[in-house]
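Naming convention: chains lettered A, B, ... in sequence-line order (proteins, then strands); numbering from 1 in each chain.
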There are 2 protein chains.
Amino acid sequence: MATMHDVARLARVSVSTVSYVLTGARPISQATRDKVLAAMAELDYQPNAMARGLASRRSRILGLLMPMDERGLGATETAFVTGAAAAASTAGYHLVLSPVGGGNLDDLRRLATQRMLDGVVLMEVQLADERVTVLQEAGVPLVLIGRTGDTSALSYVDIDFEQTVREAVAHLVGLGHRRIVYVNHSAATLATGYGPALRTRDAFVSAMTGHGLEPVMIAAEDSAAGGRAALAAAFAQAPELTAVLAMNETAIFGILGELTGRGLSVPDDVSVVSMVTSPQVAELATPALTAMTSPGSALGRIAIEALLRHLDGPGGPRHQQLLPCALEIRGSTAAPRRAALVTSEPSPTGGG
Amino acid sequence: MATMHDVARLARVSVSTVSYVLTGARPISQATRDKVLAAMAELDYQPNAMARGLASRRSRILGLLMPMDERGLGATETAFVTGAAAAASTAGYHLVLSPVGGGNLDDLRRLATQRMLDGVVLMEVQLADERVTVLQEAGVPLVLIGRTGDTSALSYVDIDFEQTVREAVAHLVGLGHRRIVYVNHSAATLATGYGPALRTRDAFVSAMTGHGLEPVMIAAEDSAAGGRAALAAAFAQAPELTAVLAMNETAIFGILGELTGRGLSVPDDVSVVSMVTSPQVAELATPALTAMTSPGSALGRIAIEALLRHLDGPGGPRHQQLLPCALEIRGSTAAPRRAALVTSEPSPTGGG
DNA sequence: AATCTTCGTCGAAGCGTTTCGACGAAGCGG
DNA sequence: CCGCTTCGTCGAAACGCTTCGACGAAGATT
């Protein structure tokens, strides 16, 4: 393995000159540069990452921290990752994914404090997230995908849940639906302060109210069975429902199964919209699901770019940005079949 | 940020003594050790990973290379990752996941050649995998999850596809099924030399022949539509089929949809077994799928342990191991309702 | 023509560890 | 009681790079 010394000797220049050719930190004449580059090529020289990191106090490694639970990584999260990896690679940084779960904060602290990571992007952020505290104490530059409760001092990119819900509801209302039920994540998830669940809940209430409609929300466990139960609960609360809005990729299959089980057809009897769902998952269902598609790789890319800006100019402004989801109409939404099921005015009793 | 120097000064010993306390490379008296540990605690000392890596020529970082396509990471692959991460952490190593896709071999070469990774575990290996060549040329210790065609010089852990298929077929035959169709990955995937697809194909032929039955295999695109098409093809080739064996998590939803569309009930008319499927995915379907569950995290753990052994004693023996899948019986398999079912067209009533 | 910049290059001092050789102080057998 | 290991510690030399100060050689400015 050739070192910078070897290159310098072969090119008949000093080590520092080789370094300057590599980093561009000082001007080098074209003639010298060519000599050095030729020597590097001949020796198949590759800089040693450790030595460079030690001397420059910059590892050129960025971390993407994502809790990996047993559920696996959905296509949505995967898109964040690939977007981030591409952006990092473009900037000459490595992106490493660290599956540090919620449990081992110590592992995280070690990683952060050993100066192995120049900066970190955090995924799946809770409203109150200890990892943020740990990283801030360690002085590691930080960008979130998602938001904590208090975002005043933080940089983040997140999905615009407000807009997403508003647009999904508008789509259904535009088709003629009046009685729409929102199937959210589980009550337990809501209780832990999972931002997306809380924000969509509030947005749903506000969107429905804005249309003069009554908002009905059901919390569903993250499982097919949970979806079935949620739909049963929905029919109990709103027997005349003609549309279901859901943000729960797992439960939605139970919802669809239960609809079929009740002899109801999608979309003729009941329309279904899935939120923050990847096209791949939407296509799994029959019929394919109309969905609000997440900005995907853009989210990851923007997070990395913001992080790199923080590295270059510390003390710069925070980056806070919300990205919209795009409505993609597939086969699961249509105008409600029977006007009989449609109540043109919000009914105060809520029962039919 | 405190350095070893600071610790040494505070403890009134030399830097090397501090280092020996940390690494255990030489004996240190209990009294000195205590002094040093106290100083480290007081200063909240954390060794600098870069400096350590440079001096010892060991980064204590292991790479897990997984191609991340847009499909996302299934629960099965996620289990590999968490198992590997846990094992690495136990041994005092960091595990970084690198989403280096098939495309950017250069990125991989850079990573390998910059001496940033002590060793690598490779996932989703093809029968002929260029990444293996690149890494071997770079001299990076290597363990595969999966197998290339020629495994003579390599260490690997893989699923025992032979056993998995044999057991799945035995389960169905034991229930009384005689006409079983295997839905494999796509023809294109088979053509690229994807090991699991080829090995299960051969194992299916051999298992069926062993029972005196005729093997029928259909290649399906990785999509719901592909599953539907595959099932239609299956009925065309074997109208009297009573069981479907599948190794295609995506297509299986299309298969189930198409069965329902033809008015056939699972498991009464047709039994379905999914291979190398995580419990989470199996539970998504209605009824929940009987499946051959992959060894999951054990695979990742074993791969890391083998890799660590290679690092400690280079020139040691290769590690080559196959792990079985476990049969988990859920709701999608039962004894065939009728001795021979003859349907080649979708029938609206489904024939009670 | 004298002085001030800028340019291109060099040598050397780090960066924070590990690791090697050395060296007293014990402990040992003979 | 003398040479011999073994033990515990030290100082110094790497490891391969970045970066700072310095310094001739031009070119620009008076």
Novice: Could you tell me how far apart A:M4 (CE) and C:dA12 (C1') are, to the nearest whole angstrom?
Specialist: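 Taking CE of A:M4 and C1' of C:dA12, I get 15 Å after rounding.
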Novice: If you go through the side-chain atoms of A:Y20, does one of them form a donor-acceptor pair with the base of D:dC17 closer than 3.5 Å?
Specialist: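 Absent.
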Novice: Given atom CZ of A:R9 and atom C1' of C:dC10, what is their separation to the nearest angstrom?
Specialist: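 Going from CZ in A:R9 over to C1' in C:dC10 covers 17 Å.
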Novice: Atom CZ of B:R60 and atom CG of B:L117: how far apart are they, to the nearest 0.5 Å?
Specialist: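 Spacing of CZ (B:R60) from CG (B:L117) equals 14.0 Å.
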Novice: Could you give the CE-to-C1' distance, from A:M40 to D:dC17, as a whole number of Å?
Specialist: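 Result: 14 Å.
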Novice: Around atom CZ of A:R58, are there more than 12 heavy atoms of other residues, nucleotides or ligands at under 6.0 Å?
Specialist: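 Buried by this count: over 12 neighbours within 6.0 Å.
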Novice: Could you say whether B:T17 or B:M50 is positioned toward the 5' end of DNA chain C, judged by the nucleotide with the nearest heavy atom to each?
Specialist: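 Mapping each residue to its closest nucleotide by heavy atoms, the 5'-most match is B:M50.
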Novice: Does B:D129 use its side chain to pair, donor to acceptor, with the backbone of B:Q126 at less than 3.5 Å?
Specialist: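 Checked: pair present.
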Novice: If you go through the side-chain atoms of A:S16, does one of them form a donor-acceptor pair with the base of C:dG11 closer than 3.5 Å?
Specialist: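 Indeed, a donor on one side and an acceptor on the other fall under 3.5 Å apart.
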Novice: In whole angstroms, how far is the P atom of D:dC15 from the CE atom of A:M1?
Specialist: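 Nearest whole value for this atom pair: 15 Å.
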Novice: When you measure from the side-chain N and O atoms of B:R52 to the phosphate of C:dT18, is any distance below 4.0 Å, counting only OP1 and OP2?
Specialist: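 Answer yes for this pair, as a side-chain N or O of B:R52 is under 4.0 Å from OP1 or OP2.
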Novice: Between B:L54 and B:I28, just flag the one whose closest nucleotide in DNA chain D comes earlier from the 5' side.
Specialist: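 Its nearest nucleotide being more 5', the pick is B:I28.
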Novice: Can you tell me the distance, in whole Å, between the CG atom of A:L22 and the P atom of D:dT19?
Specialist: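 The answer, rounded to whole Å, is 12 Å.
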Novice: Could you tell me whether B:R57 contacts a base, only the sugar-phosphate backbone, or nothing, with contacts defined as non-hydrogen atoms closer than 4.0 Å?
Specialist: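 The residue B:R57 makes sugar-phosphate contact but no base contact.
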Novice: Which part of the nucleic acid, if any, lies within contact of B:V13, taking any heavy atom under 4.0 Å across all strands shown: a base, the sugar-phosphate backbone alone, or nothing?
Specialist: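 It contacts sugar-phosphate atoms only.
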Novice: Just to be sure I understand the rule, does B:S19 reach a base, reach only the sugar-phosphate, or reach nothing, if contact means heavy atoms closer than 4.0 Å?
Specialist: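 Touches a base.
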Novice: Hydrogens and angles aside, do A:S14 and A:T17 bring a side-chain donor and acceptor to less than 3.5 Å of each other?
Specialist: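 Side-chain D/A pair, A:S14 to A:T17: present.
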Novice: I need the CZ-C1' distance between B:R26 and C:dT19, as an integer number of Å.
Specialist: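 Rounded to whole Å, this separation is 7 Å.
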Novice: A:N48 has an atom CG; how far is it from atom P of C:dC15, in whole Å?
Specialist: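 One finds 19 Å between P of C:dC15 and CG of A:N48, rounded.
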Novice: Taking the side chain of B:S14 as its heavy atoms from C-beta onward, which of D:dG11, D:dT18, C:dG16 lies nearest to it?
Specialist: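 Minimum distance to the B:S14 side chain belongs to D:dG11.
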Novice: Measuring to OP1 and OP2 of D:dC17, would you say a side-chain N or O of A:Y45 lies under 4.0 angstrom away?
Specialist: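 Affirmative; the distance criterion is met.
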Novice: Measure the distance from NE2 on B:H5 to P on C:dC15 and round it to the nearest whole Å.
Specialist: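 Atom NE2 in B:H5 sits about 10 Å away from atom P in C:dC15.
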Novice: In Å, rounded to the nearest 0.5 Å, how long is the span from OG1 of A:T113 to CG of B:D44?
Specialist: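 The CG atom of B:D44 is 6.5 Å from OG1 of A:T113, to the nearest 0.5 Å.
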Novice: Among the nucleotides D:dT18, D:dG16, C:dT17, which one has an atom lying closest to any side-chain atom of B:V15?
Specialist: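 Nearest to the side-chain atoms of B:V15, counting from C-beta on, is C:dT17.
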